[in-house]
There are 2 protein chains.
Amino acid sequence: MAASMDQAARKTRASRPSKDVDERVRDRSEAAILEAAGELFARKGFDGVRIAEIAERSGLPKANVYYYFPSKEDIYKALIGKLLAGWDKALEELRADRKPAEALGAYIVAKLEYSRQFGSESRLFANEILRGGRFLSKANRDHMRAMTRDKAVVIESWIAAGKMSPISVRHVFIMLWGATQFYADFEVLACDALAIKRITKKDFDEAAATITAIVLRGCNVVESAAEARSTDT
Amino acid sequence: MAASMDQAARKTRASRPSKDVDERVRDRSEAAILEAAGELFARKGFDGVRIAEIAERSGLPKANVYYYFPSKEDIYKALIGKLLAGWDKALEELRADRKPAEALGAYIVAKLEYSRQFGSESRLFANEILRGGRFLSKANRDHMRAMTRDKAVVIESWIAAGKMSPISVRHVFIMLWGATQFYADFEVLACDALAIKRITKKDFDEAAATITAIVLRGCNVVESAAEARSTDT
DNA sequence: TCAAAAGTTGACGTTTTGGTCAGGTTATGA
DNA sequence: TCATAACCTGACCAAAACGTCAACTTTTGA
């Protein structure tokens with residue numbers, strides 16, 4: 001996911017064992033650029049961002065940004081790559097060997113937490129999808145489809161085992177995605193809806209509790225453990 | 001919401017009774033521009049669209065677009081205005097005198113139908129919110145807040161009347177918004193999730209059914225046909 | 001110590017783009 | 001018919017934005 005092939009190749013740190021911490025200038029600069037670009041792309045979309053802005057925000061002169069990344073598009077694509085990793089992580093909670101209520105609750109919490117902590121990444125992803133996913137590679141989309149299918153199978157196994165009522169699993173995924181991303185992606189709307197100025201951790205916790213409660217009850221998920229009250233951590 | 005004041009004033013159709021159909025060139029041109037611009041803004045965001053594109057797509061030369069709209073921003077704002085009307089319409093379904101199950105179901109259907117029929121408007125709105133709502137006026141936001149509050153009161157009245165279990169009404173709104181907009185706004189993701197090429201009417205119907213089922217059951221909305229007439233606005 | 005590699009940067013060139021304008025054509029209404 | 005208003009448009013401009021470059025400084029490794 002580094003700048004470009006030739007430059008990445010130059011990095012060969014085996015031949016440069018001087019610093020074990022290896023706080024290479026390159027790494028720091030690339031990170032700074034990526035972070036600045038992430039925030040900006042998230043808020044203004046690909047076309048809305050000037051590399052001069054990225055440069056300014058990352059504290060580097062424009063020409064230096066071009067030293068690390070051959071083009072604006074390359075910066076953007078590098079960020080898209082990072083995104084997809086995070087996308088998967090929450091889904092990992094959905095495993096067939098877990099109790100449905102537990103797994104679904106954990107998924108909702110993880111997804112909300114991800115979008116809370118990585119708000120700008122989440123918005124960047126939303127932005128990209130909204131525009132039709134121009135920059136998503138076929139591999140990216142194949143991976144996402146496969147992931148969805150696998151997790152759908154997990155939930156269908158719970159349904160088959162009578163642990164929850166039969167529903168259109170894939171539509172439920174969409175409900176969950178929509179609900180969990182809303183707070184980060186459409187923060188303005190969420191704030192208006194909640195009649196607050198800024199969304200806090202507490203609001204996210206309430207969101208998790210509400211979404212979990214409705215979805216679990218909505219799917220008639222059986223709660224074997226009589227307790228399992230609110231959806232903490 | 002027309003181009004600008006002076007130009008709109010000139011329209012004074014009382015003094016020009018020649019055509020009753022009044023298929024004024026102005027009206028057609030403005031509509032063409034707005035439609036073309038809507039599609040483009042939805043897909044590429046404000047900064048991503050060049051007025052040359054709008055011109056081309058609406059079949060007019062660029063300078064002619066400027067004849068009707070003083071600036072790109074004015075075209076964008078005109079569209080935002082149209083959006084908010086649609087936004088309200090679905091919410092009208094939520095009236096205290098209706099039965100909760102009926103009203104909520106109708107709301108979900110109306111919201112989905114709106115985003116299906118006016119996909120590009122929905123995406124444009126999403127785009128605008130994602131970017132922090134730069135072009136939303138204070139009046140716009142005040143209106144939306146007031147609308148949300150009113151409808152929250154309606155649902156809370158149902159809760160108070162024991163017609164559904166107590167939940168965080170405003171978080172439920174967010175769930176509903178997220179779920180109902182997803183299909184239009186994040187079509188790419190929705191297609192991948194549903195393992196289909198394009199979303200059809202049938203998919204929207206299934207979505208409505210699933211969302212309604214989960215939310216109604218999730219909120220323990222009582223389906224008793226008998227009562228549900230204690231609150232009368 | 002020192003040459004080569006890595007990193008930095010101000011200034012520049014080219015293209016794009018929002019917006020303007022002067023002058024043309026068509027519709028309107030008396 | 002004819003004056004006026006509405007409408008249309010090719011050509012143009014200044015600002016901005018992407019990307020380049022040559023020269024400069026710092027770091028590296030032997």
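Sequence lines set the chain letters: A, B, ... in the order given, protein chains first and strands last, and positions in each chain run from 1. Since the structure is predicted, the reported quantities are computational estimates derived from the model, not experimental observations.
- Taking 4.0 angstrom as the limit, A:R26 places none of its side-chain polar atoms (N or O) nearer than this to OP1 or OP2 of C:dA6.
- Rounded to an integer number of Å, the gap from CZ of B:F69 to C1' of D:dC7 is 15 Å.
- A:D88 and A:H143 share a donor-acceptor pair across their side chains, judged by distance under 3.5 Å alone.
- Of the charged side-chain nitrogens involved, at least one lies within less than 4.0 Å of a carboxylate oxygen, so that B:R145 and A:D192 count as a salt-bridged pair.
- Using a 30° and 60° split on the angle between ring planes, A:F173 and A:W177 fall in the parallel class, below 30°.
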Reading 5' to 3' through nucleotides 8-20 of chain C, protein heavy-atom contacts under 4.0 Å coded B for base, S for sugar-phosphate only, - for none: BBB------SBBB

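- Ring planes of A:F41 and A:F46: parallel class, angle under 30° (limits at 30 and 60°).
- Computed from coordinates, the B:E56 CD to D:dT9 C1' distance equals 16 Å when rounded to whole Å.
- Salt bridge present: B:R98 and B:E93 bring a charged side-chain N and a carboxylate O closer than 4.0 Å.
- With respect to B:E53 and B:R57, no salt bridge is recorded, no charged nitrogen being found less than 4.0 Å from a carboxylate O.
- If you take CG of A:D27 and P of C:dA6, they are 14 Å apart, rounded to a whole angstrom.
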